[in-house]
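Contents: one structure, followed by commentary.
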Amino acid sequence: MIDYQKIEEKWLKIWEESGIFKSDPDEREGIMVTAAFPYLNMPLHIGHLRTYSTADAYARYMRLKGFNVIYPMGFHKTGTPALAIAKRVVSGDAEIVEILKAYGVPDDDIRTMRDPLSVTNYFHEITSRGFHKSGLSIDWRRTFTSIDAKYSKMIEWQFQKLKEKGYLVKGTHIIGWCTNEQNPVGQHDTKGDVQPEIESMNVILFKDTESDIYFPCATYRPETIYGVTNIFVKDDADYVIAEIFGLRCYLAKRCSELLRYQTDVRVIGEVSGRDLLGRYAINPITEDKLPVLPGFFVRDDFATGVVMSVPSHAPFDYVAIENLRSSGYNIGNIGYNRLIDVDRDGNGKGIGRSSKSDVNGVDESIPARAYLYISGYHGENGTESEIESATKLEYREEEKWGRMAVGDYKGMEVSKARELISESMRGKGIEKSISIIGNEDQVYCRCGTVVIPKLVNDQWFIDYGNKELKERAIEYLPNMRIYPESARKSFSIAFGWIDLRAAERSQGLGTRFPLNPSHIIESLSDSTIYTTMYTYIHILESRGVSAEQLNYDFFDFVYNISDDVDTAAKSTGIDVVTLKRCKDELRYWYRFTSRHSGSDLITNHLTMYIFNHLGILGKELWPKQIVANGLLNYEGKKMSKSMGNIVPLNDGIEKFGADPLRFIEIAGSDVESEADFRTADCENIKAKNEWLLNMIRSVNGLRSRHLNHIDYWLYSKLNSKITRATDAMDGFMLRQAYIDIYYNSISELRHYISRGGDNQAVVTEFLDKMIIMLSPVMCFFAEEMWSELGHTDLIERERWPVADRSMISESIERLEEMVESTISDINDIIGLTSRDGSGRRVREVRVIIAAEWKSRAYGILVERKSVSDAMKDISLSDIDKQKLSAFLLQFAKRINYIGREVDISADDVINSFRDSVDYISKAVGHSVVIEYEPESVSERASRALPFKPAIEVVWVGPEQN
RNA sequence: GCAGGGAUGGCGGAGCUCGGUCAAACGCGGCAGACUCAAGAUCUGUUGACUUAGGUCUACGAGAGUUCAAACCAGGAACAAAUCUCUCUCCCUGCACCA
């Protein structure tokens, strides 16, 4: 068994000692490969390795191609998740302890995570170790973290530039907010990690008939204004009269308190819900007089606590009305007017068409009632969740297929009418809007408080909506190399809608925001142009330059915004040589950069990466190549905390071996698609590796001698493989490349051996080149096999093989295929025909090779695409007309799609089959004779085709046994 | 809701850019055989249905639609969709202050 751990340790040590991955500028072309640096609030799992190993394979490939390559790596410590972890650990949150344990963090270590810094420091160590063990070819001299003092200096400069160019703007913004902790609440701050979804809702104002106070009714469906029958309030709740929207309104007391966070609310007086009952309000559009009634479903902590009732189209309203009616409550004269027709196929009926329930016989006269029926709600025993689903279904269908049946927009699609109605009411000042948290279930902060929307004033944003910047990005997009190509579209869409992006936060680790030092620079914004720093950070470190020296002059000079080295030297106190080295090295490595990340970062990080480069830096420093890879599943399922199926990176390497893991992640699927790590695949690769190693060890037992047919075949396969694989690599089609390099090579070697191949020189060359090509992916194992093959230098110093085109022979490969397919045909025929139960046995098998003229005739037919033309062709005039037409006519039906065949003479085919006759006999288990069509007496001989010999199975009857 | 992507055989997953060479690569899994005292690993074959000669039929979420070149001679008619169009159903991803 191959001991992967031992091999890994061995080569890690040798790589470390040789310093092979440290690179400085030289006469070669430079390439910098970077992957989005890891955020350190959790250990990485094997899924994260996908990006890093893919980037590594690319770096290694380009090294083999003769480029000077660096693959540097930093660490991201900025932001709030680490803070959230520390807070939860301090508060003794059992859940976080469980999660960390699931990631393999020991109890004792968890207890040390009492502040964000120790959280990130802890994971920094673990992650760094994981990167080493994964075999990433990183130049570790160039590492840093996003909270280093020098990093902060660079970020401050970046924001200075953004400000100068007018990309920083102030504005207002709605966020999730915890009223208890007085903090913004993001996904990782909520119970269950749910993202608070902030939505806006319409509020329509209905004037009280007795006063100038309004009922502000929150609704998603302003178009139903034509069918409002009454107003609902919560009768056992407290209400207030408050000034809001510049008017006096009735609001639920609790709502008035929440709405304060997003608009001005001034409470004037209090009133109980019960007091509101019996009043009347005026529909501002229809001017109907509407009674105020108690609604069982009305909440006094959501929106305004005042609801307009449209019982014909809102199941809750319908149920509330019916309940009141049956309980004897005096509801006055309330009827059901149909406002919207759902008519999907023009027959006037359509309710419930998209539902799976049986909708036959539903009375559609009152839509809300019909939807309740479909959803299984039948009277008294109905549940709220049934009403809920009726509501959803009705909203959805009416939105999608509904047309207005009444009002000013009669006949118009609901979705369109809604907008117009809303617009018109806003114009008249009778519709306003508010923000609400739209999640189905309430969202709670981890402290237990309900999350509410809050309007933030005076917030700084990066203006990615800046027209000129946007245009520049859109224009530049086609100039970048993007893999997979489909990601280019995602970018172009993201470029279209990216707009204001908050640039600062009130808490977390990171660089202070220069324009508001009490805030921290938001952590996606502080990691956009940091890749530049990889190019010179080691110079600063080795020259003992301090962070304080890194003023704006330094960065202006290094980033080529200024050429004034003397000013920079003077104001920074850094010597001219060092300054110039920094500048030169930045330009050297930035001539070609390859940026790697998961495809999930296209719409945020990668887009911001591009925009910041384009916004601040000169064109020579703009991004050149982007690679966005898909994610990784484990045993067919997404890895997640809740599924408990997370494999931490370091565990994964120990369990599966870095190389098999890398192989599956890098080459197991196309870059763009989701990869799947399956243990079975991993075992399969390990077994193949065993076989390869044994193969290599057996090479010494072979001898070199003159070349046979099968040796040429293997050479041809090798060289055509090199051509294809190189093309695939250059197009970032790693999976395709490695099917050829790995799987196909192994089966070719197997075939070679089964055909009696045993030439040492041939096998050695095949293995040498194959292993070199394998090394970008299985870096440790390739190194080990390379040394097993007797090489003393590191494989990293080798060159990617170049195909010897003279060794590629289509005909040799085709002949071999013909032999194989003939074997399989013979087996099929025997299998099929020996089922007759007669007990007869095969005496021998005749393989009849087509006459020479057939391949000539076929070639002409392919060219002419016409049987008659081919018949007339003078070069075929020597052939018997009858035989010729019989032969050609069998292709007539599919004449337009028969392809050109490799040109092989009948002699070559015969020789090849005669050489292989023992092999064929063995494979079919019967004696085989090879015949040439013109000389054959077999009645099947005429069936022979140029690329497919005729087969005759000769039987011995049972009586002769 | 908005935007993007997808639906292929027991499973995963190619192919669909340029409709005929696709019963559909490759890998799992299943079955049979070899090896072994045995199991595992490995190797070989097989794995839609039917079939006594290399073939036929049915198939690529559901439903509908679409069109072309050529075929010993002459005149006439005509064929094909995983792949194109539309509709539906279902699934996945992103949607902002969050890494």
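Quick note on labels: first sequence line is chain A, next is B, and so on, each numbered from 1. Computation of the quantities below employed the complete heavy-atom set of this structure, encompassing side-chain atoms and omitting hydrogens, waters and symmetry-equivalent molecules.
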Within the structure shown, what part of the strands sits under 4.0 Å from A/Asp499 by heavy-atom distance: base, sugar-phosphate, or nothing? base
Residue A/Asp825, side-chain heavy atoms: nucleotide from B/G54, B/A14, B/G12 that is nearest: B/G54
Sugar-phosphate only, base, or nothing, as touched by A/His76 at under 4.0 Å among non-hydrogen atoms: sugar-phosphate
Looking only at B/A99, B/C28, B/U42, the nucleotide nearest the A/Ala687 side chain is B/U42
At 4.0 Å (heavy atoms only), tell me whether A/Leu500 reaches a base, stays on the sugar-phosphate, or touches nothing. base
Check: B/G54 base within 3.5 Å donor-acceptor of A/Arg940 side chain: yes
Quick one: label A/Ser490 by what it contacts on the DNA or RNA (base, sugar-phosphate, nothing), any heavy atom closer than 4.0 Å. nothing
For B/G5, take OP1 and OP2 only and decide whether either is under 4.0 Å from a side-chain N or O of A/Lys489. yes
Looking for any heavy atom pair under 4.0 Å, which part of the strands does A/Ala950 touch: base, sugar-phosphate only, or nothing? base
If you check the A/Ser523 side chain, which of B/A53, B/A99, B/A14 turns out closest? B/A99
Give a yes/no on whether any side-chain N or O of A/Thr80 is located under 4.0 angstrom from OP1 or OP2 of B/A99. yes
Quick one: which of B/U44, B/A25, B/G54 gets closest to the side chain of A/Arg750? B/U44
Taking only the side-chain nitrogens and oxygens of A/Asn604, find out if one of them lies under 4.0 Å from OP1 or OP2 of B/A99. no
In whole Å, measure the gap between the C1' atoms of B/U58 and B/U8 for me. 15 Å
Measure from the side-chain heavy atoms of A/Arg735 and tell me the nearest of B/A25, B/A53, B/A99. B/A25
Send over the distance from A/Lys948 NZ to B/G54 C1', rounded to a whole Å. 5 Å
